[in-house]
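Beneath this line is the structure, given in structure tokens, with notes to follow.
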Amino acid sequence: MTTATTPGANAAGAAAGLPAIEVYSTLTKKKAPLVTVRPGHVGMYLCGPTVYKPSHIGHMVGPVIFDTVKRHLGYSGWQVTWVVNITDVDDKIIAESAARGTTMARLAEEMTADYLANLASLGVAGIDHMPKATEHIGTIIAFIEGLIAKGCAYASDGDVYFDVTQDADYGKLTNRSVEQTQGEGGSTAERKRSAADFALWKKAKPGEPAWDSPWGPGRPGWHIECSAMSKALLGPHFDIHGGGLDLVFPHHENEIAQSESLHDCPMATFWMHNGLMQAAGGAAGKVGGRPRGADGTSGGGAAAGGDAAADVAAQTAAKISKSTGAEPFRNLLARHRPEAIRFLLLSTHYRSPIAFGEEPLGECARAMEAFERLFARFQRITGRSFHALPSRDRRAGDAAVAAAGGDVVALRAKFLAAMDDDFNTAIAMATLFDFVRVANKFIDSSALEKQPAPADVATLTAVMEVFRELTAVLGLFLVAPAAQPTAGDDDLVAKLMELVIEIRANARKAKDFATADLVRTKLTAAGILLEDRADGTGWVRKA
RNA sequence: GGCUCCGUAGCCAAGUGGCUAAGGCAGCGGAUUGCAAAUCCGCCAUCGUCGGUUCGACUCCGACCGGAGCCUCCA
């Protein structure tokens, strides 16, 4: 295969000789060819976390998905700049730090470190910039001044608000009108001209962290940092803006309002939103979706008639969030390999909700073992480590692809077509399973484990090189599984096992199966599995 | 009440206006094995319900039922 470029591809992509890639946008509700602001370059911004508590699994979804997006685009020839912001100034951080008796800065630093460690464990490696709100206060203030100068915002008693009535197409992302929007309530409500106006700058209360501004001491509102920092790092119009589906309103709607009012150009060409984590198995305690006005504002008669229905809903899946008491991600890592978590995140289409729990994770771990058994087979046959194979990072084909045979070439094409179609990792993953089957079948049919013919070894190596290339696009199987925890007795155990296996082999040769089976049964009970293969007996620890 | 999305085999989960409706887990049958394990082969769905559009729909439209998200902080 030389190239997967489709004739009639989008102008920018085709001009640069790049494959055509379709991307879905929440704004248009359909897929469109990836045409970029600068040909061959992709600017991508993902809304990162507010760092006030340890991150949970929900915070990992976006980064893993967009890391995969970047891997695929980079592999396909684009140059990608990926920005993930850190919100390190916010009411919640202030409240939490006060409760802990520490400072906002210290808490934010601690939680940012936790977040970064979690990302690293999942193989999220492609983030180019991680701007912090507190490091861009000047940028933010300048942005707000620009909005005021254009008549899109107004100062009010130390606060600054965005005036939604000045934005003709406010609500276009989520198809809602200003009247349908309630906006922040509480004490700020009386300082706003309309309910749907939202804060760009918040006046500091006594004792709160504050920065000087033309409107007095205060701090940025929630949405403004993303508008200001994305402009600073990616420009007023960039290519992909991502985030969780729960951020579409109000966060992204308001980002669009701010940025497009100031710049008079689209903020982002594509708005990509990932589905939210659901707790699998209905174990999560759902707080409950409340009907409009059920918060004691109105007497709430007719509208809130679904108490029984709410009880039923509590038995089914519910979004994982702070309200469901999601456990810190690092606790999860104590029970599960991070690779299995990434595997699970990518096995569902990114826009769908993902059922998360012990069962699905266990299933992924088991599925990964089938892949790793193939890697071990490959290593026994060729003496080469799958993980040390060269990983081609460009999708232009080469001799190794053709040398792997027709089945592999076809699977590779299917994989790439799936990824080109709005990053369909679910189908891409399916082809990986097909891949394992093709490789195992080849090993079986050519008796590679008994008497390896050089030509067959070369073919198998070519097959595995393609496999390595594709798994790298997904960020899977990047490193060898962690060594078994054997408490430093590896050498001794290996020698003893060698002896035991030899004795058992002699017993089998003498048709003394009672002894042979006794050995195997006892070892199994001790957590060691024996496998009698064509090329000898192997063993593996199984906790 | 408003705005989105979803409902595919026992479970998870892709996908399409008409060819055999991906893949995984579980299950069943077979090959292989002394027996296992691993591996391979085969089997296992008419696509929530009811209407409509169409030569033809699981895929388009409508209604209904069920579920999720957002409308207030949330990845």
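So you know, we letter chains A, B, ... as the sequences are listed, proteins then strands, and number each from 1.
Taking 4.0 angstrom as the limit, A:K509 places none of its side-chain polar atoms (N or O) nearer than this to OP1 or OP2 of B:G34.
Qualifying side chain to side chain contact (heavy atoms under 4.5 Å, CB included) partners for A:S230, counting only residues two or more places apart in sequence or in other chains: A:Y45, A:F238, A:M267. The side chain to side chain contact (heavy atoms under 4.5 Å, CB included) test applied to A:L518 returns A:K522, not counting sequence neighbours.
Rounded to a whole Å, the CG atom of A:L529 is 21 Å from the P atom of B:U33. The interatomic distance linking A:L523 (CG) with B:A36 (P) rounds to 19 Å, in whole Å. We find that NE2 of A:H251 is positioned 13 Å from P of B:C71, with the value rounded to whole Å. The interatomic distance linking A:F435 (CZ) with B:G24 (P) rounds to 15 Å, in whole Å. With rounding to whole Å, A:H241 atom NE2 is found 13 Å from B:A75 atom P. Between the P atom of B:A37 and the CD atom of A:E369 lies a distance of 15 Å, rounded to the nearest Å. Residue A:D517 contributes atom CG, which lies 6 Å from atom C1' of B:C35 at whole-angstrom precision. At whole-Å resolution of the value, CD1 in A:I94 and P in B:C73 are 15 Å apart.
Ring planes of A:F386 and A:F467: tilted class, angle from 30 to 60°. Taking the six-membered ring where the residue is Trp, A:H59 and A:H56 present tilted rings, their angle falling between 30° and 60°. Ring orientation note: the planes of A:F162 and A:F198 are close to parallel, at an angle under 30° on the 30°/60° scale. Using the six-membered ring where Trp is involved, A:H223 and A:H251 have ring planes that are tilted, between 30° and 60° apart.
Residue-environment remark: NZ (A:K29) exceeds the threshold of 12 foreign heavy atoms within 6.0 Å.
Among the atoms of the strands shown, base atoms are found under 4.0 Å from some heavy atom of A:L530. Residue A:R533 is out of contact with every strand shown, counting any heavy-atom pair closer than 4.0 Å. As judged by a 4.0 angstrom heavy-atom cut-off over every strand, A:K511 is placed among residues making no nucleic acid contact. Using a 4.0 Å heavy-atom criterion, one finds that A:F513 contacts the bases of the nucleic acid, with or without backbone contacts as well. Counting non-hydrogen atoms under 4.0 angstrom, A:G242 reaches nothing in the nucleic acid.
Checking B:C73, B:C3, B:G34 against the side-chain heavy atoms of A:R504 singles out B:G34 as nearest. Distance from the side chain of A:H59 is smallest for B:A75 among the nucleotides B:A75, B:G2, B:G34. Nearest to the side chain of A:Q278, among B:C71, B:A68, B:A75, sits B:A68. When the nucleotides B:C71, B:A75, B:A36 are ranked by their closest atom to the side chain of A:L247, B:A75 comes out on top.
Across the C1' atoms, B:U8 and B:G48 are found 10 Å apart, a figure rounded to whole Å. For B:G17 and B:C3, the P atoms lie 27 Å apart once the distance is rounded to whole Å. B:G23 sits 29 Å from B:U49 when the C1' atoms are compared, rounded to a whole Å. For the P atom pair drawn from B:U16 and B:G52, the interatomic distance equals 26 Å after rounding to whole Å. Rounded to whole Å, the C1' atom of B:G42 lies 15 Å from the corresponding atom of B:U32. Only the P atoms considered, B:C25 is 41 Å distant from B:C64, to the nearest whole Å. Atom P of B:C47 sits at a distance of 9 Å from the matching atom of B:U59, rounded to the whole Å. For the C1' atoms, the distance linking B:C40 with B:C19 amounts to 28 Å, nearest Å.
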(message) Walk me through whether A:R330 and A:S121 qualify under side chain to side chain donor-acceptor pair (under 3.5 Å).
(response) CA-CA 10 Å; A:R330 61 166 178 266; A:S121 75; over 6 Å; no

Protein-nucleotides 58-60 of chain B N/O pairs under 3.5 Å:
none

Any protein N or O atoms within reach of nucleotides 11-18 of chain B? Criterion: under 3.5 Å, listing atom names and distances.
from: B:A14; atom 1: OP1; to: A:H349; atom 2: N; distance (Å): 2.8
from: B:A14; atom 1: OP1; to: A:S352; atom 2: OG; distance (Å): 3.2
from: B:A14; atom 1: O3'; to: A:N424; atom 2: ND2; distance (Å): 3.3
from: B:G15; atom 1: OP1; to: A:N424; atom 2: ND2; distance (Å): 3.0

With 3.5 Å as the limit, what N/O pairs link the protein to nucleotides 38-41 of chain B?
from: B:A38; atom 1: O3'; to: A:R373; atom 2: NE; distance (Å): 3.0
from: B:U39; atom 1: OP1; to: A:R373; atom 2: NH2; distance (Å): 3.2
from: B:U39; atom 1: O3'; to: A:N440; atom 2: ND2; distance (Å): 3.3
from: B:U39; atom 1: O2'; to: A:D444; atom 2: OD2; distance (Å): 2.3
from: B:C41; atom 1: OP1; to: A:K441; atom 2: NZ; distance (Å): 2.8

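Take the nearest nucleotide of RNA chain B for A:G62 and for A:A514: the residue whose nucleotide is more 5' is A:A514. If A:T50 and A:K414 are placed on RNA chain B by their nearest nucleotide, the residue sitting closer to the 5' end is A:K414.
Nucleotide B:G51 has B:C61 as its partner under the Watson-Crick or G-U criteria, with both atom distances under 3.5 Å. For B:A37, there is no paired nucleotide, since no Watson-Crick or G-U wobble pair has both relevant distances below 3.5 Å. With a 3.5 Å ceiling on both atom-pair distances, the Watson-Crick or G-U wobble partner of B:C70 is B:G2. Under the Watson-Crick or G-U wobble criterion, with both distances below 3.5 Å, B:G27 is paired with B:C43. The partner of B:A22, taking Watson-Crick or G-U wobble pairs whose two distances both stay under 3.5 Å, does not exist in any strand shown.
A salt bridge does not link A:D422 to A:K30: none of the charged nitrogens lies less than 4.0 Å from a carboxylate oxygen. Look at A:K31 and A:D421 and you find a salt bridge, because one of the NZ, NE, NH1 or NH2 atoms lies within 4.0 Å of a carboxylate O, short of that distance. For A:E372 and A:R337, the salt-bridge test passes: some basic side-chain N is under 4.0 Å from an acidic carboxylate O. Taking the charged nitrogens against the carboxylate oxygens, A:D91 and A:K205 have no contact shorter than 4.0 Å, which rules out a salt bridge.
Between the base of B:C35 and the side chain of A:D532 there is a donor-acceptor pair shorter than 3.5 Å. One can find a donor-acceptor pair under 3.5 Å joining the base of B:C35 and the side-chain atoms of A:R520.
A donor-acceptor pair under 3.5 Å links the side-chain atoms of A:D159 to the main chain of A:K203, judged by distance alone.
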Could you give the side-chain donor-acceptor pairs of residues 428-436 of chain A under 3.5 Å, partners two or more places apart or in another chain?
from: A:T431; atom 1: OG1; to: A:A428; atom 2: O; distance (Å): 2.6
from: A:D434; atom 1: OD1; to: A:R437; atom 2: NH1; distance (Å): 3.2

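Applying the 5.5 angstrom centroid cut-off and the 30 degree plane-angle cut-off, the aromatic ring of A:F433 is not stacked upon the base of B:G23.
Judged by distance alone, the side chains of A:S55 and A:N118 do bring a donor and an acceptor atom under 3.5 Å apart.
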